[in-house]
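These notes are about the structure you will find just below.
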2 protein chains.
Amino acid sequence: MGVTKAHIFSVEQNELAQAAKVLAHPARIAILEYISKQEACICNDLVDVIGLAQPTISQHLNEIKKIGLLEGTFEGKNLCYCINQNRWVELQEAFHTFFSNINRNCC
Amino acid sequence: MGVTKAHIFSVEQNELAQAAKVLAHPARIAILEYISKQEACICNDLVDVIGLAQPTISQHLNEIKKIGLLEGTFEGKNLCYCINQNRWVELQEAFHTFFSNINRNCC
DNA sequence: TGATTTTATCGTAATATTGCAATATTAAAT
DNA sequence: ATTTAATATTGCAATATTACGATAAAATCA
């Protein structure tokens, strides 16, 4: 993000931007959509499903983890990823609030 | 964005990611919040309100324009920016759909 | 134990983003 | 016609992102 002056903005503004940044890549959208469609949790079908190399998928998962959107067991073989529902709802509400607080006036 | 392989993802995934990218900077969140709070349209109070240099604000406005979120008259002096309501609602719904289509199962 | 499988990490190349000074452009005001 | 004010554009430095090959780590299997 270059040299963003995060400190001149509010915590809320930075948090929403941070969440948006995680969604700002189609691979991460695709990963979240895929995980959300599985009945059970997934392991590394992602490499095949998404079509990016394994280290790249791992990096993307890490970005998603960093804002708390993933949970599950992360040890050794046969990992299990799933979406943290509470965090999901939190972000959903943050975006909903942002989009709702809009003035209807224009020039 | 480095070397994103956009072509391996769907149009919808790319569009949502593109919209998220615009929201992925606190300055752009702040700009949109500020414009949305004004009764009338704004000109360049933004430089003072946001606290970034004029060229930087201009760049951020351009990013927001590129996804069609701003409208108004854009000529010479005394510009008038406001939010394109239709586009706003479109994005709002895109995010809403994304956040709603989530499976409740986990491991 | 040794081989295999799954995920993470490191290193690095290519590209994108952020921010600003300097400068150009545009339109109104004098 | 000049000056002034508001935006846009250019160029550049600093930093971040994306992607992948190579390799490490961790757990299971034979």
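Labels below follow one simple rule: chain letters A, B, ... track the order of the sequence lines, proteins then strands, and each chain is numbered from 1.
Between the P atom of C:dA8 and the CG atom of A:Leu61 lies a distance of 7 Å, rounded to the nearest Å. Atom-to-atom, CD of B:Gln18 to P of D:dT17 comes out at 16 Å; the value is rounded to the nearest Å. As rounded to whole Å, 15 Å separates atom C1' of C:dG19 from atom CG of B:Asn62. One interatomic measurement links the two molecules: CD1 of A:Ile64 to C1' of C:dT7, which rounds to 15 Å at whole-angstrom precision. For B:Lys66 and C:dT17, the NZ to P distance is 7 Å, given to the nearest whole Å. Remark: C1' of C:dT17 and NZ of A:Lys5 are 15 Å apart, rounded to the nearest angstrom. One can place CD of A:Glu63 at 12 Å from P of D:dA16, the figure rounded to the nearest angstrom.
Checking the phosphate oxygens (OP1, OP2) of D:dT17, no side-chain nitrogen or oxygen of B:Lys21 falls inside 4.0 Å. Distances shown here put a side-chain N or O of A:Tyr81 below 4.0 Å from the OP1 or OP2 atom of C:dA8.
A:Phe98 pairs by the ring pair (Phe, Tyr, Trp, His ring centres under 6.0 Å) definition with B:Trp88, not counting sequence neighbours. Under the side-chain contact (heavy atoms from CB on, under 4.5 Å) criterion, B:Asp45 pairs with B:Tyr34, B:Ile42, B:Val49, not counting sequence neighbours.
Separation of atoms CD (A:Gln13) and NE2 (B:His25) is listed at 11.0 Å; rounding is to 0.5 Å. If you take SG on A:Cys82 and CD1 on A:Ile35, they are separated by 8.0 Å, rounding to the nearest 0.5 Å.
Annotation: of the two residues near DNA chain C, A:Asn44 and B:His60, the 5′-most nearest-nucleotide partner is A:Asn44.
Contacts between residues 48-59 of chain B and DNA chain C, counted as heavy-atom distances below 4.0 Å, involve B:Leu52, B:Ala53, B:Pro55, B:Thr56, B:Gln59.
Looking at every heavy atom in both residues, A:Ala19 comes nearest to A:Ile67 through CA-CD1, 4.3 Å. Nearest heavy atom pair, residue B:Ser36 against residue A:Asn101, reads OG-O, 3.2 Å.
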